[in-house]
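Just so we're clear, the structure is a prediction, and the values are computed from it rather than from any experiment. All ligand and atom numbering here is 1-based and tracks the order in the structure. When reading the values below, keep in mind they use all heavy atoms of this one structure, side chains included, and skip hydrogens, waters and symmetry mates.
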Amino acid sequence: MTAENYDAIVLGAGGAGMMCAAVAGQRGRRILLVDHADSPGKKILISGGGRCNFTNLHAAPDRFLSANPHFAVSALARYTPADFIGLVERYDIAWHEKTLGQLFCDGSARQIVAMLREECERGGVEIALGQSVRDIDHADGRFRIAFGARTVEAPAVVIATGGPSIPKLGATGFAYDLARRFGLKIVEPRPALVPLTLSREEALFHALSGVSTEVVASAGKAAFREAALFTHRGLSGPAILQISSYWRPGEPVDVDFLPGAKPGWLREAKRATPRAALKTVLARHLPDRLAEALAERLALAGELANLPDRRLEDAERQLSRWRFAPNGTEGFAKAEVTVGGIATAGLSSKTMAAVKVPGLHAIGEAVDVTGWLGGYNFQWAWASGVAAGQAV
Ligand SMILES: Cc1cc2nc3c(=O)[nH]c(=O)nc-3n(C[C@H](O)[C@H](O)[C@H](O)COP(=O)(O)OP(=O)(O)OC[C@H]3O[C@@H](n4cnc5c(N)ncnc54)[C@H](O)[C@@H]3O)c2cc1C
């Protein structure tokens, strides 16, 4: 069968693939964008609670995890949050900053998908949906792909099929299989931005399902001050999702339940309100049910006046460094992203091209670059997509 020829074939019509295809198409390249899903940008549609947290004003490279923290620097510097905001504004999409530099659509994530589709149209990109790619042949500097009844060929292929998080949305480990087949290494993929689960011994906390409070959660050297949420299986909320990307099985997660409390605050409370019980004092700063559970665990019954200062100091220490021992995560089924992926060591940070396989590129979540919660992952999808789109 004679093959149809393109300048580049982009595999995966998520944020990274659509951006890459649009940029390359608008440079005059003949681009085919292929996805096995029946519509593009499914993760964009459900992102940010349906409003897509499309970037973060503070998208500096130190907010991304990677075996090589320098890899993302170049692409992020060449396509910045301001560049994406410029694009969003050209499409009259209203947006707002929610918190911590996180930018959301006022209306709907559908606007971002429609914008990217139109950008692809402007670049004359051909989109083939509902097409599962199984394998790629590579010979004489050309990639040949068969899907459905078609065979297509190009000197460049871009792997933009994402990571395995949320398989029910069509996510697969295909990017890794393909990368391995071309000799690229994979940094062990782990679920990230994912709720942590607690064992039965910490069951007291399961009973707090639905309770949320601002904390500082830390694991190793990483620490995040945001809300934490107790769930029926363990811990969630932004602070926990953030720390989950850094957490390794077997490690503890420390939670400061009273961030910003001055040392000696419990002794001071004892002097100011000696008749109060610990539970009552904690409930001034924390949700009632949490205050009750923590007081119960600290086992300091009775009025503060009857508790020695030393024990209050111990309680303060414990409250500021409550040690949880998560027994796992809720896995790829619930993970917003994947940490790890195609090793950056085999890729050019300028063009996202495989150093040893001319014409092969990898972008977006498929690559071992993972952002914090809050718009960082889309910024990486856009920036890496643009970098490859300018190169193919
Ligand atoms: C619930 C949820 C909410 C999120 N919210 C945010 C947010 O608000 N802000 C933020 O920055 N990030 C958010 N993220 C993360 C963000 O969605 C991803 O980091 C981003 O979508 C990655 O883009 P991508 O293009 O690399 O991959 P994807 O968006 O995963 O796109 C990959 C595409 O490849 C296709 N594909 C996979 N395998 C094959 C195959 N074998 N053949 C053909 N096609 C294939 C898939 O169908 C998909 O369309 C969220 C993630 C989830 C799950």
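For ligand 1, the protein residues placed under 4.0 Å by at least one non-hydrogen atom are Gly12, Ala13, Gly14, Gly15, Ala16, Asp35, His36, Ala37, Lys43, Ile46, Ser47, Gly48, Asn53, Gln131, Val133, Ala160, Thr161, Gly162, Ile166, Gly170, Thr172, Phe174, Glu336, Val337, Gly364, Glu365, Gly375, Tyr376, Asn377, Phe378.
A salt bridge between Arg117 and Glu121 is absent, with no side-chain N of the basic residue lying under 4.0 Å from a carboxylate O of the acidic one. Under a 4.0 Å N-O distance rule, the pair Arg150/Glu126 qualifies as a salt bridge.
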Pair up each side-chain donor or acceptor in residues 352-366 with any protein partner under 3.5 Å, not counting sequence neighbours, and list the distances.
{"unit_1": "His361", "atom_1": "ND1", "unit_2": "Thr351", "atom_2": "O", "d": "2.9"}
{"unit_1": "Glu365", "atom_1": "OE2", "unit_2": "Ser165", "atom_2": "OG", "d": "3.0"}
{"unit_1": "Glu365", "atom_1": "OE2", "unit_2": "Thr338", "atom_2": "N", "d": "3.0"}
{"unit_1": "Glu365", "atom_1": "OE2", "unit_2": "Thr338", "atom_2": "OG1", "d": "3.4"}

Enumerate donor-acceptor pairs with a distance under 3.5 Å from any side-chain N or O in residues 288-299 to protein atoms, sequence neighbours excluded.
{"unit_1": "Arg289", "atom_1": "NH2", "unit_2": "Ala207", "atom_2": "O", "d": "2.9"}
{"unit_1": "Arg289", "atom_1": "NH2", "unit_2": "Ser209", "atom_2": "O", "d": "3.4"}
{"unit_1": "Arg297", "atom_1": "NH2", "unit_2": "Glu201", "atom_2": "O", "d": "3.2"}

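Side chain of Glu97 to main chain of Gly101: a donor-acceptor pair is present (N/O by atom type, distance under 3.5 Å, no hydrogens or angles).
Annotation: side-chain contact (heavy atoms from CB on, under 4.5 Å) contacts of Leu198 (sequence neighbours excluded): Glu202, Phe205, His206, Leu235, Phe324.
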